[in-house]
Amino acid sequence: MRTFTLTHQQNDDVREELLAGLGAYNRQFISRENEGPLSVYHRDAEGVLHGGLIASRKGNWLCIDYLWVDETRRGSGLGRALMEAAEQEAAKLGCLFARVDTFSFQALPFYQKQGYQQQMSLSDFPQDGMQRH
């Protein structure tokens, strides 16, 4: 008989153990040679954060997880500059491709202006009437 633990809390020890097992399996197929974090951010002279990008490198891919630009700086070119800086650094490190995802209420047109092509959409994600692209 199998015993399961079901919880609505994340357990850091279990998470690490699970990821270690998954990582060991995946390393049989995927090199970890070009993996690691990559972040770019902009602060003004007073040290106030006005925008930033958090990403990771996974083999040939730059995976952009988060991009944020303060509303007062939107339209100034800061978002484009953050993207370009991340893409250029990732290319230096061997990345050939980039991936980003966004919600329908966020920045799909912005990413398309940067040359990204929409590959798919998930309807009603994360809730009714919204999409994840």
message: Are the side chains of Ser56 and Cys63 in contact, using a 4.5 Å heavy-atom criterion?
response: yes
query: Excluding sequence neighbours, so at least two apart, what forms side chain to side chain donor-acceptor pair (under 3.5 Å) with Gln112?
result: none
query: So, does Asp124 use its side chain to make a donor-acceptor pair with the main chain of Gly129 at under 3.5 Å?
result: yes
- request: Mind checking side chain to side chain donor-acceptor pair (under 3.5 Å) for Thr5 and listing every partner two or more places apart, or none if nothing turns up?
  value: none
statement: CG (Leu108) and OG (Ser121) are apart, to the nearest 0.5 Å, by 7.0 Å
query: Using a side-chain heavy atom cutoff under 4.5 Å and only I, L, V, M, F, W and Y, what cluster partners does Phe4 have?
result: none
message: To the nearest 0.5 Å, what is the distance between CD on Gln114 and CD on Glu84?
response: 7.0 Å
message: Quick check for you: to the nearest 0.5 Å, what is the distance between Glu87 atom CD and Arg80 atom CZ?
response: 11.5 Å
task: Verify the distance criterion only: is there a donor paired with an acceptor across the side chains of Thr102 and His133 at less than 3.5 Å?
output: no
message: Around atom CD of Gln117, are there more than 12 heavy atoms from other residues, nucleotides or ligands closer than 6.0 Å?
response: no
query: Of all residues at least two apart in sequence or in a different chain, which pass the side chain to side chain contact (heavy atoms under 4.5 Å, CB included) check with Phe105?
result: Phe103, Met130
field: ring-ring contact (aromatic ring centres under 6.0 Å, His included) contacts in which one or both residues fall within residues 20-47, not counting sequence neighbours
entry: Tyr25-Phe29
field: Candidate pair Asp65 and Arg99, rule salt bridge (Lys or Arg N to Asp or Glu O under 4.0 Å), full reasoning
entry: CA-CA 9 Å; Asp65 298 313; Arg99 176 203 53 83; 3.7 Å; yes
query: Which residues satisfy the side chain to side chain contact (heavy atoms under 4.5 Å, CB included) test with Lys113, sequence neighbours excluded?
result: none
- prompt: About how many Å separate NZ of Lys58 and CZ of Arg32, when rounded to the nearest 0.5 Å?
  reply: 10.5 Å
statement: Residues Gly59 and Cys95: closest non-hydrogen pair is O-SG, 4.0 Å
message: Please report the interatomic distance CZ(Arg15) to CG(Asp12), rounded to the nearest 0.5 Å.
response: 7.5 Å
query: According to the ring-ring contact (aromatic ring centres under 6.0 Å, His included) rule, which pairs have a member within residues 52-89, sequence neighbours left out?
result: Trp61-Phe97
message: Less than 4.5 Å apart, side chain to side chain, heavy atoms only: is that true for Glu35 and Glu33?
response: no
- prompt: With sequence neighbours excluded, what pairs up with Asp44 under the side chain to side chain contact (heavy atoms under 4.5 Å, CB included) test?
  reply: Glu46, Val48, His50, Arg73
- request: Mind listing the closest non-hydrogen atom pair of Asn34 and Gly94 along with its distance?
  value: ND2-C, 3.8 Å
field: Spacing of Asp13 atom CG and Leu18 atom CG [to the nearest 0.5 Å]
entry: 12.5 Å
field: Non-neighbouring partners of Arg74 that pass side chain to side chain donor-acceptor pair (under 3.5 Å), sequence neighbours left out
entry: none
- request: List, by chain and then residue number, the residues other than Leu38 in its hydrophobic cluster (Ile/Leu/Val/Met/Phe/Trp/Tyr, side-chain heavy atoms under 4.5 Å); write none if there are no others.
  value: Val40, Leu53, Leu62, Ile64, Leu67, Val69, Leu78, Leu82, Met83, Leu93, Val100, Phe110, Tyr111, Tyr116
- prompt: Can you name the residues that form a side chain to side chain contact (heavy atoms under 4.5 Å, CB included) with Ser39, not counting sequence neighbours?
  reply: Ile54
Which residues share a side chain to side chain donor-acceptor pair (under 3.5 Å) with Asn11, sequence neighbours left out: none
